[in-house]
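For reference, the structure is listed below as structure tokens.
As the structure lists them, so they are numbered: ligands from 1, and atoms in each ligand from 1.
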Amino acid sequence: MEALHRSFLDHLAQTSPHPLALDIVHAEGCLLTDRAGKQYLDLVAGLAVNNVGHRHPAVIAAIKEQCDHYLHVIPYGEFIQEPQVRFAERLTSILPSGLDNVYFVNSGTEAIEAALKLAKRITGRTGLVACHKSYHGSTHGSLSITGNETKKYRYRPLLPDVQFMTFGALADLELITEATAAVVVEPVQGDAGVRVPDPVWLKALRERCSTTGAMLVFDEVQTGFGRTGRTFAFERSGVIPDILVLGKALGGGLPMGAFVASRERMHLLTHDPVLGHITTFGGHPLPCVAGRAALEVLLKDDLSGNAERMGSLFKELLVHRTIQEVRGEGLMLAVDLGDANRVQRVVHACLKNGVLGFWFLSCPTAFRIAPPLTISEAQTRAACEVILAAILGTEGQQ
Ligand SMILES: Cc1ncc(COP(=O)(O)O)c(C=O)c1O
């Protein structure tokens, strides 16, 4: 085994027994290049992060420019840092009026944690409602509202007062009551294997939260920034949350999370107790400038539109008797083969032939397609050819 690979296994904490261990030395657009010079068409985008493509020139230029001014200067919230202010201004300019105030943190899970705290502070309640098969992050609070028992059982006790409803089930909305502080929902479930809800359910969910006074929190960590063919997934149903949670593509390829609410509600974090949520690195100037540059590219180049078009093309081309379903919206897709072993073989065969796909946390029978939203028609067609050949090549194998 090569020395770097050995050292990777010896000195870096591992998260699974069999990491892919690709050794990438360069990334550009939708392509990854490994140390041996082999190229991969990236259908993962760093897990829904590189929405504007790897190393977009506008993002790189913004990062370089900021490096000439300052990096970290003070924990979040004390100084006026223009990159934070400008990014918050721009983000809220494309959000509905109740979502006009941004708190920047470092990751999706931290944003979820903080959103739970804000909902408790607003309502004075403790109850939390989330969905079966959801994924909201790996820290204790986020894990508590994650609907995947296999990820949780070793880490109990988790947060008390959490209930789970079935995603899309109207009857389960009864679980939301006057004791509920927050209802946390992915507007399209990601790691459940991409599940798109009926807008009727989302509207009923909104209504139930409004009647009971519970805060509706949309986790758009994965769905945000054009991934589903809209800038934000909630735009499709028109259902507006009280608190919007963002991450992944938010920082233009640099680590960042955020939660967005009304200024009045967010102001509660300033007193009783003072410093109600704090973070040293949240709102670091580099992800702020990178995220703002990426957002401008997303809007100017209508990458949501491209996601919609290329998503439809994937669905049109990926037809085979082994494919049970291609689910999803835009470029947030699950190819369901109905068989976990088959998925393993197909993903590995694709990798061998230069196409990187990936798995889901809670849906072993499907693999994900979530490329940069800049993917071209030619690249989409090429990816589908490789996937179909892989499916054909694994037919009859056990
Ligand atoms: C829907 C959703 N919420 C939250 C998270 C957690 O984000 P992070 O890994 O940045 O903590 C993820 C990560 O995959 C996610 O998909």
TODO: Please work out whether the ring planes of H277 and F259 are parallel, tilted or perpendicular, with thresholds of 30° and 60°.
DONE: perpendicular
TODO: Specify whether H284 and H72 have parallel, tilted or perpendicular ring planes, treating 30° as the upper limit for parallel and 60° as the lower limit for perpendicular.
DONE: parallel
TODO: Tell me, please: is E220 in heavy-atom contact with ligand 1, that is, under 4.0 Å?
DONE: no
Task: Shortest protein heavy-atom distance from atom 5 (C) of ligand 1, along with the residue and atom involved - done: V221 CG1, 3.7 Å
Open item on the list: I'd like to check whether G108 has a polar contact with ligand 1, where a contact means an N/O of the residue lying under 3.5 Å from an N/O of the ligand.
Closed with: yes
Open item on the list: Can you report which non-hydrogen protein atom sits closest to atom 14 (O) of ligand 1, along with the distance?
Closed with: K248 NZ, 3.0 Å
Task: Any protein heavy atom < 4.0 Å from atom 11 (O) of ligand 1 - done: yes
Open item on the list: Salt bridge or not between E325 and K315? Use side-chain N to carboxylate O under 4.0 Å.
Closed with: no
TODO: Scan D34, V355, N353 and name whichever one has a side-chain contact (heavy atoms from CB on, under 4.5 Å) with Y40.
DONE: D34
Task: Pairing of E377 and R381 as salt bridge, 4.0 angstrom limit - done: yes
Task: For atom 16 (O) of ligand 1, closest protein heavy-atom neighbour - done: Q222 NE2, 2.8 Å
Task: Residue T109 vicinity, atoms of ligand 1 by number, heavy atom under 4.0 Å - done: 6 (C), 7 (O), 8 (P), 11 (O)
- [ ] Among all protein heavy atoms, pick the one closest to atom 3 (N) of ligand 1 and tell me residue, atom and distance.
- [x] D219 OD2, 2.7 Å
Open item on the list: Below 30° counts as parallel, above 60° as perpendicular, anything between as tilted: where do the rings of F8 and H5 land?
Closed with: tilted
